[in-house]
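Scroll down for the structure; my scribbles are underneath it.
Every chain is numbered from 1 and lettered A, B, ... according to where its sequence line falls, protein lines coming before strand lines. This is a predicted model, so every value here is computed, not measured.
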Number of protein chains: 2
Amino acid sequence: MRASDKAYAALREDIIEWRLLPGTVLAEVEQSERLGISRTPLREALSRLTAEGLTTTAGGRGVVVTGISLEDIDELFELRETLEGKAAALAAERGDAATFERLRDELRQAPALISGEDPARHAYYGLVGRLDAAIDAAIHNSYLAQAMRSLRVHLVRVRRLAADDAERLTAAAAEHAAIAEAIAAGNPRLAEAATTLHLHRSLTHVKATHVPH
Amino acid sequence: MRASDKAYAALREDIIEWRLLPGTVLAEVEQSERLGISRTPLREALSRLTAEGLTTTAGGRGVVVTGISLEDIDELFELRETLEGKAAALAAERGDAATFERLRDELRQAPALISGEDPARHAYYGLVGRLDAAIDAAIHNSYLAQAMRSLRVHLVRVRRLAADDAERLTAAAAEHAAIAEAIAAGNPRLAEAATTLHLHRSLTHVKATHVPH
DNA sequence: CCCTGCTTTCGTGTATACAAACCCCCTTGT
DNA sequence: ACAAGGGGGTTTGTATACACGAAAGCAGGG
């Protein structure tokens with residue numbers, strides 16, 4: 001693995017997990033020494049993070065970790081609704097029914113995973129990730145998939161702000177199952193509606209349990 | 001101006017204007033010597049281009065200029081319709097009416113610009129750019145604006161493939177005027193419909209006059 | 001004649017040294 | 001006392017040298 005990849009992954013993880021708080025300045029020598037690499041690969045890592053929007057260059061004062069305000073969350077979900085709604089509709093038109101039927105069945109059994117402890121809950125997140133991946137593959141549109149991928153980075157960060165209690169996760173699993181069901185049924189408008197519903201409830205939950213940093 | 005910015009701007013221009021054709025390998029030493037800079041800033045420029053999707057890293061063998069297939073154009077416009085349709089609707093809800101009324105009036109007088117020679121036609125492209133900028137500002141959503149900006153790079157590249165005859169440009173100006181009119185009227189659904197119509201016609205034109213490279 | 005293994009060579013990945021720009025702070029003048 | 005200008009120090013921007021890896025070419029054997 002390249003040193004720049006290692007630095008990129010480490011910094012990205014630190015930012016997403018809120019170990020590096022917004023406003024933190026990432027000085028090149030300091031971070032390169034912390035990660036045990038040279039400045040050159042670190043600069044490439046910082047470039048990638050800045051391109052993703054996780055950091056911003058603060059004019060001569062190094063790069064700083066970007067923050068996420070309440071307004072940002074609204075904007076983020078506004079775009080997310082647009083993109084994922086369209087993606088769900090396209091998946092319903094173009095996707096393979098059997099794939100999404102399987103995902104629907106798994107999602108209906110997800111409450112068993114959620115009630116358990118952390119390893120099981122991790123399995124649930126993996127399941128949701130597989131649904132996202134299946135939609136990405138089904139839409140047959142690399143540009144849309146790319147746009148959604150770049151969004152998900154910020155969304156994971158937002159999710160870490162909210163309290164993922166078992167109750168909300170159970171409800172979310174049901175909503176995801178409804179999306180998978182609509183896609184499997186080949187009903188674009190229903191798939192879009194189910195996605196809109198899910199995202200609205202998700203946004204409401206995030207804003208209700210949000211703890212400002 | 002930094003050397004990396006200079007290299008980035010130069011390479012980006014070369015790719016968009018099809019002076020660097022798809023499949024061209026951009027070797028680091030070769031390009032750094034051509035642009036009169038060192039490898040370090042050139043690498044940063046290539047990183048940025050790759051993040052934008054104008055180039056792709058070819059697994060250890062340098063970066064190559066990406067191509068745009070007919071399928072890519074379809075995918076590009078599918079995403080564009082989603083994003084710009086939403087943006088037009090949001091602009092109609094949140095934008096300042098006076099701003100878009102002025103743009104509508106200017107666009108209605110655009111045929112005079114188009115019939116002229118290149119400098120006047122350049123003024124027309126600038127006018128369309130101002131409409132885009134006005135929409136970007138009106139939506140009050142930096143993430144959506146960012147997504148549209150990253151799309152426009154590829155769209156400019158596609159536009160260079162099509163023949164921009166005066167007839168099509170005159171029609172496009174009328175379609176743009178209709179969009180501005182709908183936004184100024186504060187009618188989101190109409191604004192979205194006008195955008196959808198414009199993009200469909202634009203796509204049809206591109207595919208009709210498309211010359212494969 | 002073809003296949004395989006080695007060698008050479010080119011190209012990227014990384015480290016480090018140097019240069020320039022910027023900020024902070026201190027000093028000085030009003 | 002406050003503002004403006006200069007100097008020191010820190011930080012980024014750039015160049016270059018070196019190391020590692022892969023790919024292409026060549027030679028030898030089957």
- Query: Is any side-chain heavy atom of B/Leu90 less than 4.5 Å from a side-chain heavy atom of B/Leu144?
  - Reply: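 A side-chain contact exists here, since the closest heavy-atom pair is under 4.5 Å.
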Whole Å only: how far is the [atom1] atom of [X] from the [atom2] atom of [N]?
X       : N      : atom1 : atom2 : result
A/Asp5  : C/dT14 : CG    : P     : 8 Å
A/Arg2  : C/dT12 : CZ    : C1'   : 9 Å
A/Leu35 : C/dT14 : CG    : P     : 13 Å
B/Glu44 : C/dT14 : CD    : P     : 16 Å
A/Met1  : C/dG13 : CE    : P     : 14 Å

- Taking only residues two or more places apart in sequence or in another chain, which ones pass ring-ring contact (aromatic ring centres under 6.0 Å, His included) with B/His205?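 Listed in chain order: nothing, the list is empty.
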- Message: Once side chain to side chain contact (heavy atoms under 4.5 Å, CB included) is applied, do any residues pair with B/Ala10, and if so which ones, sequence neighbours excluded?
- Response: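 Testing B/Ala10 for side chain to side chain contact (heavy atoms under 4.5 Å, CB included), a comparison that skips the adjacent residues, returns B/Leu35.
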- Query: Who passes side chain to side chain contact (heavy atoms under 4.5 Å, CB included) against A/Ser4, sequence neighbours left out?
  - Reply: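 Listed in chain order: A/Arg2, A/Pro41, A/Glu44, A/Arg48.
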- With distance as the sole criterion, is a donor-acceptor pair present between the side chains of A/Ser38 and A/Ser32 under 3.5 Å?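 Side chains of A/Ser38 and A/Ser32: no pair found under 3.5 Å.
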- Message: Side chains of B/Glu13 and B/Tyr8: any donor to acceptor distance under 3.5 Å?
- Response: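 B/Glu13 and B/Tyr8 do not have a side-chain donor-acceptor pair below 3.5 Å.
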Protein and nucleotides 15-17 of chain C: nitrogen or oxygen contacts under 3.5 angstrom:
residue, atom, partner, partner atom, Å
C/dA15, OP2, A/Ser38, N, 2.8
C/dA15, N7, A/Thr40, OG1, 3.0
C/dT16, O4, A/Thr40, OG1, 3.2

- Item | A/Arg157/A/Thr66 under side chain to side chain contact (heavy atoms under 4.5 Å, CB included): CA gap, chis, key distance, verdict | CA-CA 11 Å; A/Arg157 235 181 134 198; A/Thr66 55; 3.5 Å; yes
- For D/dT12, does either OP1 or OP2 sit under 4.0 Å from a side-chain N or O belonging to A/Arg43?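 Negative; the distance criterion is not met.
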- Please report the shortest heavy-atom distance between B/Ala173 and B/Ala110, naming the atom on each side.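 Where B/Ala173 meets B/Ala110 most closely, the heavy atoms are CB-CB, 3.9 Å.
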- Query: About how many Å separate OG1 of A/Thr195 and CD of A/Glu81, when rounded to the nearest 0.5 Å?
  - Reply: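 That separation rounds to 9.5 Å.
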- Message: Please give me every residue in residues 27-34 of chain A whose heavy atoms get under 4.0 Å of an atom in DNA chain D, ordered by residue number.
- Response: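 Contacting residues: A/Ala27, A/Glu28.
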- Message: Checking side-chain contact (heavy atoms from CB on, under 4.5 Å) between A/Leu11 and each of A/Leu20, A/Leu54, A/Val65, A/Val63, which is the one that passes?
- Response: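 When side-chain contact (heavy atoms from CB on, under 4.5 Å) is applied between A/Leu11 and each of A/Leu20, A/Leu54, A/Val65, A/Val63, only A/Leu20 qualifies.
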- Query: Can we call the ring centroids of A/His200 and A/Phe77 under 6.0 Å apart?
  - Reply: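 No, they do not, as the ring centres are separated by 6.0 Å or more.
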Between N or O atoms, less than 3.5 Å apart, protein on one side and nucleotides 20-26 of chain C on the other: list the pairs.
residue, atom, partner, partner atom, Å
C/dC23, O3', A/Arg61, NH1, 3.1
C/dC24, OP1, A/Arg61, NH1, 2.7
C/dC24, OP1, A/Arg61, NH2, 3.4

